[in-house]
Amino acid sequence: MDLTLVEKIAARHADGLAPGTVIRAGDFVSIRPRHVMTHDNTGAVIPKFKQIGATTIADPAQPVFAIDHDIQNVTPKNLEKYAKIEAFAQEHGIDFYPAGTGISHQVMVEQGYVVPGALVVASDSHSNLYGAMAALGTPVVRTDAASIWATGVTWWQVPKVAKVMLKGNLSAGVVGKDVIIALCGLFNKDEVLNHAVEFLGDGVANLPMSARMTIANMTTEWGALFALTRWRIHKPETARKTRPEESLRLYQDRHRRLVEKSK
């Protein structure tokens, strides 16, 4: 049986497995995500990091802090929390995006942290959005985020895959949110609960990236662990100005700077 895209990406990011080891749905594996994103809840992850006895970040290029949830709260208490998060980022050489930069998941995509074929986790339930870029994006709890900071890895169970075939084009006035809401309504018996949803078909190729991101993001409300669309069927005319190879170059440049900074 051929491997699913989910199984291929999971195998690529598995830690401690012999080369060529086949990973299947249901397997428990140790994974090394390309990145782990935390937002305002970074303030709650830091104490957990210290509680497990950790003092250094295993890979400073792996975590990303992007503040976005409570930015309208300008009370001294909240501003103090943001200042502590920024200070922790500076101390450990971690990329930090302050309040006002943008929505955290959008930052992850636009700044090149999410690239096709990557496994990126976040301490947020809507990390599914990364699937729009043909990346495997899935949520982790705060304790898991802290352990990834400390060790670079975490355990994960490879989920079953539910394939969704989209055909044709969106009618005038129909947007990505209409598509995912319709799917939630049509298939409301937990058909995709705790599954990876893989969107296939020419209908995916006809979707603009904004629609892909909305659909992938809202598979959380559908009960899925994450969603994936295949990058190779993406039409050039619907691509953002930053192409996949450019995003990868940005990532590599950023990683090189962080390595040099840590020497």
Side-chain angles (χ1 to χ4, degrees), residues 5-6 9-10 13 31 33-42 62-69 71 95 97 101-142 144-145 148 156 159 161-164 166 170 175-184 192-200 203-205 207-231 233-234 238-244 247-248 250-251:
L5 182 58
V6 173
I9 295 177
H13 293 82
I31 57 169
R34 181 185 291 265
H35 290 292
V36 51
M37 187 277 289
T38 54
H39 43 68
D40 298 35
N41 60 11
T42 307
Q62 194 179 35
V64 181
F65 300 165
I67 305 301
D68 71 345
H69 268 50
I71 62 173
D95 283 4
Y97 294 88
T101 305
I103 297 172
S104 55
H105 298 303
Q106 193 83 11
V107 169
M108 292 295 289
V109 171
E110 293 185 349
Q111 294 300 319
Y113 295 103
V114 179
V115 295
L119 194 161
V120 180
V121 302
S123 189
D124 185 90
S125 61
H126 287 95
S127 357
N128 302 22
L129 179 142
Y130 308 149
M133 299 289 291
L136 197 165
T138 193
V140 294
V141 298
R142 297 171 184 180
D144 288 337
I148 295 172
W156 192 62
V161 175
K163 294 187 177 182
V164 178
L166 299 180
L170 297 179
V175 296
K177 189 171 183 179
D178 297 314
V179 175
I180 187 61
I181 288 177
L183 287 170
C184 290
V192 301
L193 184 64
N194 293 329
H195 280 60
V197 176
E198 186 173 342
F199 290 95
L200 305 167
V204 178
L207 291 173
M209 182 54 73
S210 59
R212 291 192 187 198
M213 293 174 77
T214 300
I215 293 169
N217 179 71
M218 290 188 63
T219 55
T220 298
E221 282 68 38
W222 201 12
L225 284 177
F226 58 90
L228 279 168
T229 60
R230 292 179 178 268
W231 183 265
I233 61 174
H234 184 64
T238 62
R240 295 185 70 256
K241 291 182 179 179
T242 302
R243 297 181 178 276
S247 293
L248 182 58
L250 290 171
Y251 169 80

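Between V197 and W222, the closest heavy-atom pair is CG1-CZ3, 4.1 Å. Nearest heavy atom pair, residue A196 against residue P159, reads CB-CG, 4.0 Å. For the residue pair F226 and G137, the shortest heavy atom distance occurs at CB-O, 2.9 Å. Nearest heavy atoms, A211 versus G176: CB-CA, 3.9 Å. For the pair A145 and T38, the tightest heavy-atom approach, listed with the atom from each and the gap, is CB-CG2, 4.1 Å.
For the atom pair M213 CE and M218 CE, the distance stands at 14.0 Å (nearest 0.5 Å). The NE2 atom of H39 lies 7.5 Å from the OG1 atom of T42; values are rounded to the nearest 0.5 Å. With rounding to the nearest 0.5 angstrom, the OG1 atom of T219 is 10.0 Å from the CG atom of L183. To the nearest 0.5 Å, atoms CG (D178) and CG (L170) are separated by 8.5 Å. To the nearest 0.5 Å, atom OG1 of residue T220 and atom CG of residue N128 are 3.5 Å apart. To the nearest 0.5 Å, atom CG of residue L136 and atom CZ of residue R34 are 12.0 Å apart.
Residues M37 and V120 fail the side-chain proximity criterion, which asks for heavy atoms closer than 4.5 Å. Counting heavy atoms from C-beta outward, H69 and D124 have side chains that approach closer than 4.5 Å. Side-chain contact between H13 and P33 is absent, with no heavy-atom pair separated by less than 4.5 Å. The shortest side-chain heavy-atom distance between Y130 and H35 does not fall under the 4.5 Å cut-off. Side chains of W156 and V140 form no contact here, defined as non-hydrogen atoms less than 4.5 Å apart. With a 4.5 Å cut-off on side-chain heavy atoms, T101 and D68 do not count as touching. In this structure, H126 and E221 have side chains that are in contact, with non-hydrogen atoms separated by less than 4.5 Å.
In the model, H105 has no side-chain atom that pairs as donor or acceptor with a side-chain atom of N217 under 3.5 Å.
Remark: side-chain polar atoms of R142 are not paired, donor with acceptor, to backbone N or O of S123 under 3.5 angstrom. Put simply, the side chain of T229 gets close to the backbone of G131: a donor and an acceptor are under 3.5 Å apart.
Ring geometry for Y97 versus Y113: interplanar angle over 60°, hence perpendicular rather than tilted (30 to 60°).
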* Please test V121 against D144 for side-chain contact (heavy atoms from CB on, under 4.5 Å), starting from the C-alpha separation and ending with a verdict. => CA-CA 10 Å; V121 302; D144 288 337; over 6 Å; no

* Take V175 and T214, measure what side-chain contact (heavy atoms from CB on, under 4.5 Å) needs, and give me the verdict at the end. => CA-CA 9 Å; V175 296; T214 300; over 6 Å; no

